[in-house]
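Reviewing the structure listed below.
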Amino acid sequence: MSAAPSGNGPLTAADTEPGFWCECLLASAESDSTLMVGSFDAYAARDAVRWLRVAVRMLVSVVDDAETEPVYEWLLLGEAATTAELERGEPFAIALQHKQLRLAWSARPVSFLPLAHRTGRALPPCAVEWSQPAALRAALTASQHPHLPARR
C-alpha cells in the first residue's frame, strides 16, 4: 500500500485530484489490434476538450469525405457542449475513419493519484522514450501509399 503524500498513512480518496483522462486509439480493420497513439491528463474539462480539438483538427483533412461533416460540425459548435458533458461527469468520444484505419479520441472523468516523481506539468524521464507517435505516422503513411513501405 502506498503512503499518503504527507507520509502519514495509506492513500485515501481525499488524496486524489479530479481530472480527465484523454486518449487517442488507432484500430485497423485488417487486424484486431488497437494501438494507443496519444494520451493527455487534464485537470479541467476545457483543457481536455482543447486537447481533443487540436488532435482531431490535425487529422480531419486526411479522412474520407463522408466522415468529415459531423466532425467539422463538432469542431465548430461542440466545444461548449462537450465541456459541459465532461463537467457533469459524462465521458465523450469522437472518431474518424480513413480507409482501413479508425482513429478514436476520448475523454473521461478520473481521479488522479499523486505521483512522487512528477512535479507540475513536467513529464517523467520515460516519456521521451515513448515511440508510439512514430507508429501512428507509419500507419497513416502506409494507408495513404500502400505501395510504399512505411518509414520509421
Side-chain angles (χ1 to χ4, degrees), residues 1-64 67-98 100-141 143 152:
M1 189 172 271
S2 299
S6 62
N8 295 332
L11 290 170
T12 66
D15 297 318
T16 65
E17 188 171 351
F20 303 89
W21 179 250
C22 308
E23 62 188 15
C24 177
L25 301 176
L26 174 68
S28 171
E30 297 171 351
S31 70
D32 292 333
S33 64
T34 300
L35 178 69
M36 182 168 58
V37 294
S39 63
F40 180 69
D41 53 326
Y43 293 89
R46 70 180 182 282
D47 293 337
V49 173
R50 183 179 305 120
W51 184 83
L52 292 169
R53 287 171 49 83
V54 168
V56 170
R57 194 177 301 128
M58 286 190 320
L59 293 172
V60 72
S61 63
V62 298
V63 301
D64 302 332
E67 294 281 322
T68 60
E69 187 176 337
V71 175
Y72 277 122
E73 184 177 330
W74 176 75
L75 285 170
L76 291 172
L77 306 171
E79 185 174 5
T82 304
T83 301
E85 287 176 27
L86 289 172
E87 288 173 343
R88 286 192 305 268
E90 301 170 19
F92 174 80
I94 190 165
L96 290 172
Q97 184 82 26
H98 180 66
Q100 299 297 319
L101 298 176
R102 177 178 168 80
L103 284 160
W105 292 268
S106 64
R108 66 182 185 276
V110 296
S111 294
F112 291 114
L113 292 172
L115 298 176
H117 66 281
R118 186 107 178 231
T119 56
R121 298 298 292 168
L123 293 174
C126 63
V128 296
E129 298 171 12
W130 189 60
S131 63
Q132 286 189 348
L136 173 61
R137 267 193 313 279
L140 287 173
T141 301
S143 73
R152 296 205 184 252

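Remember, predicted model here, so these are calculated numbers, not experimental data. Values below: all heavy atoms of this structure, side chains included; hydrogens, waters and symmetry mates excluded.
- In this structure, R102 CZ and S28 OG are separated by 12.5 Å, a value rounded to the nearest 0.5 Å.
- Heavy atoms only, all atoms of each residue included: A107 and L52 are closest at CB-CD1, 3.8 Å.
- Within the model, atoms CG of L103 and NE2 of H98 stand 9.5 Å from one another, a figure rounded to the nearest 0.5 Å.
- Expressed to the nearest 0.5 Å, how far SG of C22 lies from CZ of F92 amounts to 11.0 Å.
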N/O donor-acceptor pairs under 3.5 Å from side chains in residues 80-87, not counting sequence neighbours:
from	atom 1	to	atom 2	distance (Å)
T82	OG1	W74	NE1	2.8
T82	OG1	G78	O	2.8
T83	OG1	E79	O	2.9

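- Here the CG-OG distance, from D15 to S111, works out to 11.5 Å after rounding to the nearest 0.5 Å.
- Two residues are said to be in side-chain contact when any heavy atoms from C-beta on lie closer than 4.5 Å; T16 and F112 fail this criterion.
- Heavy atoms only, all atoms of each residue included: A45 and F20 are closest at N-CE1, 3.2 Å.
- Between W105 and L96 the shortest side-chain heavy-atom distance falls below 4.5 Å.
- More than 12 heavy atoms of other shown residues, nucleotides or ligands fall within 6.0 angstrom of atom CZ in R53.
- Annotation for P18 and Y43: closest pair O-CD2, 3.8 Å, computed over non-hydrogen atoms.
- Of all heavy-atom pairs spanning R50 and D47, the tightest one is NH1-OD1, 2.8 Å.
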